[in-house]
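Down below is the structure, laid out as structure tokens.
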Amino acid sequence: MKKLILLVFTLALVTSCDNEPIDSAYTQGGGSTGGSNGSESADLTLSVYELDSQINVVFFGLPIESITNSSFNIANDKIISGTNALSANGSPFESENLSITRNTSGQITSNISVNTAGITTNETIINYTNGVISNITYDYYDDDDDDYNYNFTYDGNTITRTEEGSTISTVFTVDGSDRIIKKESFEGGSSIQTETVAYNAAGNITSSTITGEIQRNIAFQFDNNINPIKVIFEDNYLLTFLEDDYSDEIGGQIAQFFSTNNWNAATYDGVAYNFDLTYNSAGRIETRDIAYNFGPELSFIFNERFSYVN
């Protein structure tokens, strides 16, 4: 399960064109718990995070529909396991179980996905030197084209990533709070894509500006309630970005997973998108639905669900 949530979620939201929202009657939940468990007191902790997605895309004239249902189990504010079920063009769902291994410092050292036959389909191995990520290796067993081997060097407030067999390098710049504020990729010494992001005093990303191969301006909006998945993912904050592709945009990932409050709207190159959020009586987010039609070549529906215990 290669960065499933981040890749799928970002794919649709960063697409820029004139579009209209899909009617909310077409949004569909997955078949899991849906909503919060336990009481609605203020001391709830997140126990399960779920994301169902349906994406319809035309790729070189070929229509493709993919449906993905994912669930992540959480204990002590950390993801401990997960499941992922995928169906393409109406095929039977193929399920995988995700297992996560951490070192004594709580840093993730491996992500391994195993299908229902007990066969490992892919794995990510993360190595650390002096407490920081020095190497990430990804192996997708059925297709070596997806494999990568990243190496990292550190200099002041920058992290440089190189990939074995590639001429592209990527430099991440962090601020005094160790948040990424810039991602720039180079090929042959020339900059090919740059993304810069800004934050407000509350800890929410406010904007993302992208130049180069992709050009885009994004503004982000949030509610006033606490984002429950921030604490779940922030213990391995850098890993989220250091293992991405050079062309992946980071703004949407920061908004969804690492901002203080719940992401509820965004404006992409002047086009506004509003999300549908529901809350329990304690102000905790229970669901977030996003449904858009980007024209004949791309449409999608996302349903997120947050379940709590106390």
Side-chain angles (χ1 to χ4, degrees), residues 1-10 13 42-51 70-82 98 100-111 124 126 128 131-134 136 152 154 157-159 161 172-183 195 197-208 220-244 248-264 266 277 283-285 288 304-309:
M1 189 160 53
K2 183 184 178 184
K3 300 174 294 179
L4 171 73
I5 291 179
L6 303 181
L7 289 176
V8 172
F9 202 84
T10 305
L13 290 182
D43 63 346
L44 297 176
T45 51
L46 191 65
S47 62
V48 179
Y49 169 65
E50 299 169 279
L51 169 64
S70 300
S71 178
F72 293 89
N73 300 311
I74 299 158
N76 298 319
D77 289 335
K78 289 181 174 17
I79 294 174
I80 56 173
S81 63
L98 170 68
I100 296 174
T101 302
R102 298 173 183 266
N103 60 23
T104 55
S105 298
Q107 297 167 315
I108 293 176
T109 56
S110 70
N111 296 329
T124 304
I126 305 100
Y128 299 83
V132 298
I133 297 172
S134 56
I136 301 175
F152 301 89
Y154 296 75
N157 66 334
T158 63
I159 306 167
R161 182 183 70 199
F172 301 87
T173 303
V174 300
D175 64 10
S177 300
D178 291 329
R179 300 175 300 190
I180 292 179
I181 56 174
K182 183 179 180 182
K183 174 186 176 183
E195 180 174 5
V197 300
Y199 302 86
N200 61 18
N204 297 320
I205 182 174
T206 57
S207 64
S208 168
F220 301 91
Q221 290 84 48
F222 300 86
D223 64 14
N224 294 318
N225 298 306
I226 296 298
N227 173 14
I229 56 177
K230 178 183 178 182
V231 67
I232 306 304
F233 289 93
E234 67 182 354
D235 67 326
N236 281 274
Y237 170 84
L238 281 178
L239 179 59
T240 303
F241 307 106
L242 296 187
E243 67 170 341
D244 69 3
D248 289 345
E249 300 176 19
I250 63 176
Q253 300 179 31
I254 294 172
Q256 184 185 10
F257 293 99
F258 301 112
S259 286
T260 301
N261 304 114
N262 298 305
W263 185 24
N264 64 4
L277 283 67
R284 291 283 192 172
I285 182 174
R288 176 165 45 200
E304 290 174 277
R305 296 183 302 283
F306 305 78
S307 299
Y308 303 91
V309 295

Least distance between heavy atoms, [X] atom then [Y] atom:
X	Y	value
S259	N227	O-ND2, 3.0 Å
G203	R179	CA-NH1, 4.2 Å
F72	S70	CE1-CB, 4.2 Å
E50	S307	OE1-OG, 4.2 Å

Criterion side chain to side chain contact (heavy atoms under 4.5 Å, CB included) on I79 and F233, from CA distance to verdict = CA-CA 8 Å; I79 294 174; F233 289 93; 3.5 Å; yes
May I ask you to test the [X]-[Y] pair for a side-chain heavy-atom distance under 4.5 Å?
X	Y	result
F257	I232	no
N111	I100	yes
E304	I285	no
D178	Y237	no
N204	W263	no
D235	R102	yes
T240	I250	no
F152	I136	yes

inquiry  = List the residues meeting side chain to side chain contact (heavy atoms under 4.5 Å, CB included) with N157, not counting sequence neighbours, and say none if there are none.
reply    = T173, V174
Measure from the side-chain N and O atoms of [X] to the backbone N and O of [Y], and report whether any donor-acceptor pair falls under 3.5 Å.
X	Y	result
T206	N200	no
Y154	I133	yes
S208	V197	no
N236	I108	yes
S81	N73	no
N103	S105	yes
R284	P228	no

inquiry  = Using 0.5 Å steps for rounding, measure from the CD atom of Q107 to the CG atom of L238.
reply    =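 So the gap between those two atoms works out to 10.0 Å.
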Nearest-0.5 Å distance, CD1 of residue I180 to CD of residue Q253 = 9.0 Å
Residues N262 and N225: side-chain donor-acceptor under 3.5 angstrom = no
task = Look at the aromatic rings of Y49 and F306 and report parallel, tilted or perpendicular, splitting at 30° and 60°.
result =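 Tilted.
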ask   = Hey, what's the ring geometry for F258 with F241, parallel, tilted or perpendicular (30° and 60° as the breaks)?
value =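 Rings of F258 and F241: tilted, as their planes differ by 30° to 60°.
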request  = Identify the residue among L46, I74, V48 that makes a side-chain contact (heavy atoms from CB on, under 4.5 Å) with Y308.
outcome  =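 Testing each of L46, I74, V48 against Y308, the sole residue satisfying side-chain contact (heavy atoms from CB on, under 4.5 Å) is L46.
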task = Applying ring-ring contact (aromatic ring centres under 6.0 Å, His included), name anything that partners Y199, two or more places apart in sequence or on another chain.
result =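 For Y199 there are no ring-ring contact (aromatic ring centres under 6.0 Å, His included) partners, ignoring immediate neighbours.
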ask   = Hey, are D223 and R288 close enough for a salt bridge, meaning a charged N less than 4.0 Å from a carboxylate O?
value =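 A salt bridge is absent here (no side-chain N lies under 4.0 Å from a carboxylate O).
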